[in-house]
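Working notes for the structure below.
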Amino acid sequence: MLGGMGAVFGLLLAWAAQVFAIEVDERIESIEEILPGANCGACGCAGCSNFAEKVAAGECELTSCIPGGKEVADQIAEILCLECQETVPLVAVVRCAGSHEHAGDKFIYGGAVDCRLAEKMWDGFKNCPYGCLGLGTCVQVCPFGAITMGEDGLPLVDEEKCLGCGLCQDVCPRGIIDMIPRDYSGGLVLCSSTDRGKKVKEACAVGCIACRACIKACPEEAISFVDNLPVIDVEKCTDCGECIQVCKPGTIRIRKAKVHQ
């Protein structure tokens, strides 16, 4: 009798295994195996496993794994039998030069050490309503340890460590962090204030006063003005440095792309 019951239960278990079986997408397992496993969230997913599921389902770009870069993107494309598009490697830059020395505060802030919360308290404690608050929220979110706070109160980006994920850009409440092509060499405008000259001068000694001298000096006509700020056309800029020479506050600085061998 016991033998008969065992046979019956065995058949029931076999039937249940077939009926309730969950189909496994082997592509997801293959993708997960080639991911760096950083679980950084730079792709916008809740970890590498979630990214593998979404990219296999066509809900994420092949190139969304920032730590993996092009090599991983190409491997994912091969697994999914898709063509991978070329991407431009990016790096973060801080569009503010308003250090402790150059930009003052309008009140003493004693709240949480978080730029997002500080911004909500009377629009931040800095005189300049566009300048870096310097509490290091970008440092906290960087999954690669690429940002530190300098003694002058401004973030420092380690370009060797920065992979251009953009998490620091997303979290900055003042929008002063941009992502630019890693191989860009030329002028950078280190100010995000859209105020007019007099108001900028009152808030920061190195802010753009919209004098437009840089436009006149540029031999390539690579500079235009939008909202009282110079915009440099990276395609036209030849890195001649003329705009930097005439910029009295020193708002425009030169960037030399590092050559990797």
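Because the structure is a prediction, the values reported are computed rather than measured.
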Are there over 12 heavy-atom neighbours, none belonging to [X], within less than 6.0 Å of that residue's [atom1]?
{"X": "Glu235", "atom1": "CD", "value": "no"}
{"X": "Glu78", "atom1": "CD", "value": "no"}
{"X": "Glu61", "atom1": "CD", "value": "no"}
{"X": "Lys106", "atom1": "NZ", "value": "yes"}

For the backbone of [Y] and the side chain of [X], can you confirm whether one donor and one acceptor N or O come within less than 3.5 Å of each other?
{"X": "Asp152", "Y": "His100", "answer": "no"}
{"X": "Arg182", "Y": "Glu159", "answer": "yes"}
{"X": "Asn228", "Y": "Thr194", "answer": "yes"}
{"X": "Arg255", "Y": "Leu188", "answer": "no"}
{"X": "Lys70", "Y": "Thr87", "answer": "no"}

How long is the straight-line distance from [atom2] of [Y] back to [atom1] of [X], given to the nearest 0.5 Å?
{"X": "Lys161", "Y": "Ile147", "atom1": "NZ", "atom2": "CD1", "result": "11.5 Å"}
{"X": "Glu119", "Y": "Cys172", "atom1": "CD", "atom2": "SG", "result": "8.5 Å"}
{"X": "Met149", "Y": "Gln140", "atom1": "CE", "atom2": "CD", "result": "10.0 Å"}
{"X": "Glu220", "Y": "Cys237", "atom1": "CD", "atom2": "SG", "result": "8.5 Å"}
{"X": "Glu59", "Y": "Asn50", "atom1": "CD", "atom2": "CG", "result": "9.0 Å"}
{"X": "Thr137", "Y": "Leu167", "atom1": "OG1", "atom2": "CG", "result": "13.0 Å"}

Do you know which two heavy atoms are closest between [X] and [Y], and how far apart they sit?
{"X": "Cys142", "Y": "Ala146", "result": "SG-N, 3.2 Å"}
{"X": "Gly47", "Y": "Asn39", "result": "CA-OD1, 3.3 Å"}
{"X": "Gly187", "Y": "Ile254", "result": "N-CD1, 4.0 Å"}
{"X": "Cys204", "Y": "Gly98", "result": "SG-CA, 3.9 Å"}
{"X": "Leu133", "Y": "Gly124", "result": "CD2-CA, 4.2 Å"}
{"X": "Ala103", "Y": "Lys126", "result": "CB-NZ, 4.1 Å"}

Hey, mind stepping through Leu229 and Thr251 against side chain to side chain contact (heavy atoms under 4.5 Å, CB included) and telling me if it holds?
-> CA-CA 10 Å; Leu229 281 174; Thr251 310; 5.9 Å; no
pair [X]-[Y]: side-chain heavy atoms closer than 4.5 Å:
{"X": "Tyr130", "Y": "Cys96", "answer": "no"}
{"X": "Val91", "Y": "Ile180", "answer": "yes"}
{"X": "Cys40", "Y": "Cys165", "answer": "no"}
{"X": "Val72", "Y": "Leu35", "answer": "yes"}
{"X": "Asp123", "Y": "Pro129", "answer": "no"}
{"X": "Arg95", "Y": "Cys191", "answer": "no"}
{"X": "Cys138", "Y": "Ile177", "answer": "yes"}
{"X": "Pro219", "Y": "Cys240", "answer": "yes"}

Check the pair Val55, Ser64 against side chain to side chain contact (heavy atoms under 4.5 Å, CB included), reporting the backbone distance first and the verdict last.
-> CA-CA 9 Å; Val55 76; Ser64 295; over 6 Å; no
Is there a path of hydrophobic side-chain contacts, each under 4.5 Å between heavy atoms of I, L, V, M, F, W or Y residues, that connects [X] with [Y]?
{"X": "Ile28", "Y": "Leu82", "answer": "no"}
{"X": "Leu156", "Y": "Val139", "answer": "no"}
{"X": "Phe51", "Y": "Ile34", "answer": "yes"}
{"X": "Ile252", "Y": "Val231", "answer": "no"}
{"X": "Leu190", "Y": "Ile244", "answer": "yes"}

Using the side chain to side chain contact (heavy atoms under 4.5 Å, CB included) rule, take Asp158 and Thr148 through it: C-alpha gap first, then chi angles, then the decisive distance, then the call.
-> CA-CA 8 Å; Asp158 184 334; Thr148 55; over 6 Å; no
Phe125 and Tyr109 aromatic ring geometry - parallel, tilted or perpendicular at 30°/60° bounds = parallel
For Asp178 and Gln169, what are the C-alpha separation, side-chain angles and deciding distance, and is it a side chain to side chain contact (heavy atoms under 4.5 Å, CB included)?
-> CA-CA 6 Å; Asp178 275 350; Gln169 181 184 36; 3.8 Å; yes
Going by the side-chain contact (heavy atoms from CB on, under 4.5 Å) test, name the single residue among Val171, Ile176, Leu135 that passes it with Cys115.
->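 Only one option passes, and that is Leu135.
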State which residue, out of Ile232, Val93, Val88, Asp239, fulfils the side-chain contact (heavy atoms from CB on, under 4.5 Å) condition with Tyr184.
-> Ile232
Does Ser224 have any side chain to side chain donor-acceptor pair (under 3.5 Å) partners at least two apart in sequence or in another chain, and if so, which?
->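 Ser224 satisfies side chain to side chain donor-acceptor pair (under 3.5 Å) with no residue once adjacent residues are dropped.
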